[in-house]
Every structure is written in structure tokens, then in C-alpha cells.
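All values below were derived from every heavy atom in this structure, side-chain atoms included, with hydrogens, water molecules and symmetry-related copies excluded.
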Amino acid sequence: MKNIDSITHIKGESVYLDDLPLLQGTLFAAAFGSPVAHGHITALHLEEAEALPGVVKIFTSRDITGDNQIGGIVPDEQLLADSEVHFCGMPIALVVAETEEAARAAVRLVRADIDPLPVITNPREAKAKGELIVPPRTFKLGDTAGAWQQCAHVFEGTADTNGQEHLYIETQGAYALPSEGGGLKIYSSTQAPTAVQRCLSRVLGVPMHLLDVEVGRLGGGFGGKEDQANTWAALCALAAYVLKKPVKYSLHRAEDMVMTGKRHPYSSDYKVGLDKDLNIIAWEVEFYQNAGAAADLSPAVLERTLFHCTNSYFVPNVTATAYSCRTHLPPNTAFRGFGGPQGMFVIESAIAHAAEALGIDAAVIQEKNLNKTGDEFPYGQIAESEARACWKKAEEIYAIGDLRKEVEAFNSSNRQYKKGLSFMPICFGISFTKTFMNHARALVHVYTDGSVGITTGAVEMGQGVNTKILQVAAEVFALPPEKIKIQSTSTFRIANTSPSAASATADLNGKATLLACTALLERLKKVAAEELGVEPGAVAVKDGQVWADGQPTSLDWPKLVMAAFVRRVSLSEHAHYATPEIHFDASKEKGHPFAYHVYGTAITTVTVDCLRGTYTIDAVRVVHDFGASMNPVIDRGQIEGGIVQGVGWMTLEEVVYDEAGRLRSNALSTYKVPDIYSAPKAIAVDFLQTDADNLAVFRSKAVGEPPLMYGIGAYFALRNALRAFRPGAVVPFSAPMTPEKVLLALYPQKGFLQPHEQTTDHLAIHS
């Protein structure tokens, strides 16, 4: 089944926030953000901006009708700064005007006097100064202190990963409309309608039942709209609530990049111990997370880093500690993988470190230590593993022996260009790590003409969740897809939703839809049995026709629905699903937090131009644990997109802040994302289909976040290519591996190689 949005996407008819028709009298907002990263506000000059024609009102913290607080996990973030600013771009004032042009022109006339305070941008500095968002957390398994004496090899080092800009096509935005009785309807570009509703209730000082947050679809989210959409919805809602007029604000790209948080940068210290047989016996790691100026979702992201600190490997002795460090950058937030990739990169770096020191291929250590069913994760859950199955199948179907020979032959016959190859196994847990968030609801209506309308808490943002939910209903009711419509997400129709995140959206909302549709079908079968004079167990619905005792009858789906209506049988069902079995005790850091794990293995090959520092990603070949995929077309697309996004994080995408906390990579001219030339030349995806039972909807495992981690393999393939050119090269474990870093690693004694500075290697290339 194709993605049900394909046709409207191709025709340009899909409706996003900026496509909504505007009501007469709509006003437009624009925020004035702090020009400095940290300081005391001594004066705010609004007079010139207020005098500009078209300006209706400029809001400051004094105009907030409820609490000036938008922090969710930790209440540490103001909507509008009142006395102190904590990052460049922190909103201080909101201009509301009759036109968007007037609002933006007025913002340029606002001035703030700010006495500067010290600026921290490095998480290690923040930790040293005691600037922590929450207390540190530690996961333990076995006894690392006593395990080192069993180790024949011990290695220590540091690994760093940078941030990543979400760069969703549709920027942040909201449109708020007053409704009677003091309520508001808010169209928000958010992954979390209930989070927006809850935030607005607090900021405005009104109950949640007066606030209807509706989402049709998003033009991308990747986690960036899970929590940070609250700011822009709250600003629009505040203005609409006070002025009693509709208010809209869609951020320009430059605003979005400067004023919103990104993937968390991490700096980490590791110590790994292996026995003489290359089994990893002990693993110690400390993570320093750059949370930015406020908590946002950082504590939850930090937790998932700990959950994934051993990736696909079984290590009997683990001590992993993580610090969420407060700096003066925009609050960093959820991003596809949600802290898991940062944790995985560190253990992969440690394995590469050990392999290079021992003079062996890292794949030898990786394969040796893959977990198996029955092994224990550091957080107490017992693995049901497909790690070795994915690895073995990847070796077989992609002919790893031939690939290695090709790389060796190429490298032996080329001086300037070198190839590198790497393996990247993954293991990613599926569920929100906060157990209480793992639930969903579905509202299903069967109308008297036989058509079906479905509302869930799922937000469609390009991942195809609406298609999968429609498939569930079509399967249960045995109806063609055109008979079923997935409605927009609304907090008035489905309340108290969890965000569309954690790769759990299709599972949770699909299971709720399955429950609702099944209940309706059983109800309708009873009606059919009465109409046909048979037992309910003898009734089945196939292709829109009612069957009894294995034979088709004269009763079709529309007639059955009308018969139920005439009998006053309910044609609506509201179902609730909560993931069973999962639990986690944070006081002990032990439990069974995940419904299941997704496994996979990627083999990445690259070619590096060792004179210029440029490179190509030749191919990423994957065996992925899909369970039993219910939509291979959508799932393959998710795999491909995740790989490219992960490769971008590991190679080109470099977020740069200066020491004053100002974003320097603040436009698409200074922030590079993979285009068609820098994406992998080839992506091959093989489906590891398994019959094992799991808690996924129709046993079709989640595919949203896991594939991003395959991109980590690009970094290590590049590293292997560099060392093929210069075997003794010292290559810090610092991602992304930009072309500049390639040159610095290859020519460390020269820094960047100048045209007039010819080394022996340089001459050899030209000769």
C-alpha cells in the first residue's frame, strides 16, 4: 500500500500551517530575541517600535496572564525573559502587528540594554562550575572496579559528538484563534498537541478544556517540535487571548536556526577492558551533555544515552555516568535517536581505539561481543536478540569477503585516493523510557453510508503513520482504503496524548485503533448474526461482504452498518491502549523499559581524496530487523532517510557557536546538509523478517529512529580510509568528520596544507 499522502504531496495540495486560510482581522507576530547569550536586562526600549504604523501591541513578560514558565520536565525556562537572558535569541518581547512586514520591521527597532554576564558554551566547564540541570545518573552492571584485573588490554580516551540542526522543511509556527467563552483554537506545528495544550494552560492561566490544539500534518519534525513548538504556540495564544484577535507566527529560517535548540553535543570519557580473547570485560564511561540554557527534554535524552551506552554488545561489567550540563546556548532538545546515537558513538570509538592499538579490524571485536538472547543490558532488561542474525546475513548477502578484497586492491593501486570499510551494528529500544507515557487512544466512527473516520493522538510528519493506522482499520474491517479517512489530531477529540516520538507512534496509536476497530466489528457481527439467523461465531466480513458459515450472503457492509444503526447499536468506539509488561525503577536504575529492541547491521564503504580532504560515501548496505513489516515501501523510505540524516550528522553537519554563544552556522550557506552529491551513492536494505512475537502492531517493528544510527558507520569508514593513507595518523574521535578534519588528521605537522608547502607525501601524489 502506498503512502496515502503521496498524491497530495506531489500535487502540492497537502495542507500545512501556512496553507490554512486566514480569518479576517488576523494579526501577525514576531519575536525580539536577546542579542547576547547571558546578561541582566537593565532597560527595554519599545517606543520607536510601538510608533511604527501597523503595530498593535508589544508584549513583554508583564503582559503574561498566567505563569511566565514553559519548562516541562524542569520549570526553568521563561516564555519571555523578564530580568535575565540565558542564550542568544531568547525571546524578550513579542511584536504584534497588522502585517507580517510591520511586525518584523518593528522587531528591528526594539533595543535592549543588557549588562553582560560570563558565558559558558562548554559542558565540561559547566560541570566544573556545578551548573547541572539535574543530578547525575549512573547505570551499573557487575563490578567494573574488580574487573580490570581480568583484562589483558585496557584503553582510555575521549570521544566528542557535535550538535545537529533539525532543518525540517516547515519551520516552527502557530496560528491562534479566539473562541467563545474565553477559549482558543490553536493550529500548531507540533509533535505533541497535549504538551502545547498543557503549556498554554499554564501561561494563560486557563483550564485545558478551553484550549483545542489541532494538527493536520507537519512538514518534518525529527524531534525538534516535540517540546520547542510550545514557545511559538504560547506566544501566539497569549496575543490572541489578550487582543481577542487571531494571531499567527511562522518563523523565518534564520530565526528558527538561531532561536531553537538542536541535537545535544556530547563530550565523553571512556575506559574499556578486553580479555586475551577480545571479550569486552569492563566498560566505564562518563557523558557530559551540553543541555543548553534550560532543561527542555535534556534529562530524558540523557537517560536514553545511558540506556544505549553498550549499543549491541554484551558487557558484564558496566559503570556509565551522565551529566546534564547547563550552558548559555539555546536549550537543546529531542532529535531522531534521542541521545541513543551519542551513547553508541562512544563505545564504537572505544572499540576502534582498541582495534587500532592491537592491529586488528574493529569488526573482529564488534562481532565477538554482539549480544545474544538471554544477555542482560546494564539497566536490567534481558535481550531477545537479532544482533548476530543481522550481522551474519549482512556478511553473506553483501559478500563481505569480496568487499574487503575490493577495498584492499583499490588502496594498493591508488596513492591519492583511499577506501575505507566499516561495520555498524545497532540495537535500539522501542518505547518511551518514562513508562507512564506509553499509552494511546483512538476514536473510530462508522458512518451510516459505511465510510469510516478515525482520530488518534498520532501526528503525521512525513513518517507515514496515517497510512499504517489506515492499514490497521482496513485489515480489521476488510474494507478498501478509500472507505477510510484519518482525521487531523485534536486535543478536543483525543485527550492526554503522548508526543509522536520515540518511534512508538505507530505501535501505540495503531494498537489503540486495532482495539477500537475490533470492538466495532464484534458488535457488527452480532447484528449480522441476528439478521441472518446464525451464531456470531459463524459471521465474517470479507472485501465488504458479510459471510456466514463460509458462504457469502446478501448482506454487504453498508447494509450491515445501516441495520446496526436502525437497531440503535453504537457505531462509534473510543479505545485505550497501554503497552503491557514494561516498567522501570529509576531509584534502582533497573527494569524492563522497552517493549522490544530493533537490531540491524550496516556495512559502509567510502572513498577519500587524501589531497583535498573530500570524500564520497560509496554505499551503505543494511540488514535491518523489521519483524514482519506491514508496509515495506514506507519502512524502506524511513531507513533511507535515517541513513542519510545520520551520515550528515557524522560528516558534514557542523554546528558552530563562538565563545560569546552566537550561532555562526546560522544559514544554509554556512551549515551544510547532505545533498544528492554527498548522500551515499547506493543504499541497499535487506529485510530481516522474523516470526518472533513482539509488541509491535501486526509485529511490524518501528523504523523511525533506529536507522539513523547506521550513519555512524560513515565516520569509522572514513577513519579507516585515512589510516590506509597514513597508518600512524592520529585521528581524534571527534564527529563530524568534515573535510577540514580530514586534512588536519592527514597533515598534522602542517595544519592545513598550503600550496607552497610540499611534503614527501604530497610530492609522491603528484609523481
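A donor and an acceptor atom, one from each side chain of Tyr313 and Glu348, are located under 3.5 Å apart. Side-chain contact check for Thr194 and Thr497: at least one donor-acceptor pair (N or O, by modelled atom type) lies under 3.5 Å. Defined by atom type and a distance below 3.5 Å, a donor-acceptor pair is missing between the side-chain atoms of Ser298 and Asp296. Side-chain N/O atoms of Glu653 and Gln645 include no donor and acceptor closer than 3.5 Å. With hydrogens and angles left out, the side-chain atoms of Tyr266 and Thr305 include a donor and acceptor closer than 3.5 Å. At a cut-off of 3.5 Å, with distance as the only test, no side-chain donor of Asn317 or Thr144 sits close to an acceptor on the other residue. At a cut-off of 3.5 Å, with distance as the only test, a side-chain donor of Gln289 or Ser324 sits close to an acceptor on the other residue. In this model, a donor atom of one side chain and an acceptor atom of the other lie less than 3.5 Å apart for Tyr596 and Asp507.
In this structure Thr171 satisfies the side chain to side chain contact (heavy atoms under 4.5 Å, CB included) test together with Leu251, Arg253, Asp256, sequence neighbours excluded. With sequence neighbours excluded, the residues forming a side chain to side chain contact (heavy atoms under 4.5 Å, CB included) with Thr738 are Glu654, Pro736, Glu740, Lys741, listed by chain and number. Taking the salt bridge (charged side-chain N to carboxylate O under 4.0 Å, His left out) definition, one finds that Glu77 meets it with nothing, sequence neighbours left out.
Applying the 6.0 Å contact sphere to CD of Glu84 captures more than 12 heavy atoms from other residues, nucleotides or ligands.
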After noting the C-alpha distance and the side-chain angles of Tyr270 and Ile347, does the key distance pass the side chain to side chain contact (heavy atoms under 4.5 Å, CB included) rule? CA-CA 8 Å; Tyr270 64 80; Ile347 195 165; over 6 Å; no

So Phe335 and Thr333, side chain to side chain contact (heavy atoms under 4.5 Å, CB included) or not? Walk me through it. CA-CA 6 Å; Phe335 201 125; Thr333 193; over 6 Å; no

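Residues Pro265 and Val655 fail the side-chain proximity criterion, which asks for heavy atoms closer than 4.5 Å. The shortest distance between side-chain heavy atoms of Gln342 and Ser268 does not fall below 4.5 Å.
Checking each of Asn68, Asp67, Asn230 against Leu79 for a side chain to side chain contact (heavy atoms under 4.5 Å, CB included) leaves exactly one that passes, namely Asn68.
The distance between the ring centers of Phe377 and Phe594 does not fall below 6.0 angstrom. If you look at Tyr657 and Phe87, their ring centroids are not closer than 6.0 Å.
For the residue pair Val620 and Val622, the shortest heavy atom distance occurs at CG1-CG2, 3.9 Å.
Cation-pi geometry between Arg263 and Phe222 is not satisfied (NZ or CZ under 6.0 Å from the ring centre, within 45° of the ring normal). Note that Lys127 lies in the cation-pi zone of Tyr323, set by a 6.0 Å cut-off to the ring centre and a 45° limit from the axis.
Using a 4.0 Å cut-off between a side-chain N of Lys or Arg and a carboxylate O of Asp or Glu, Lys262 and Glu165 qualify as a salt bridge.
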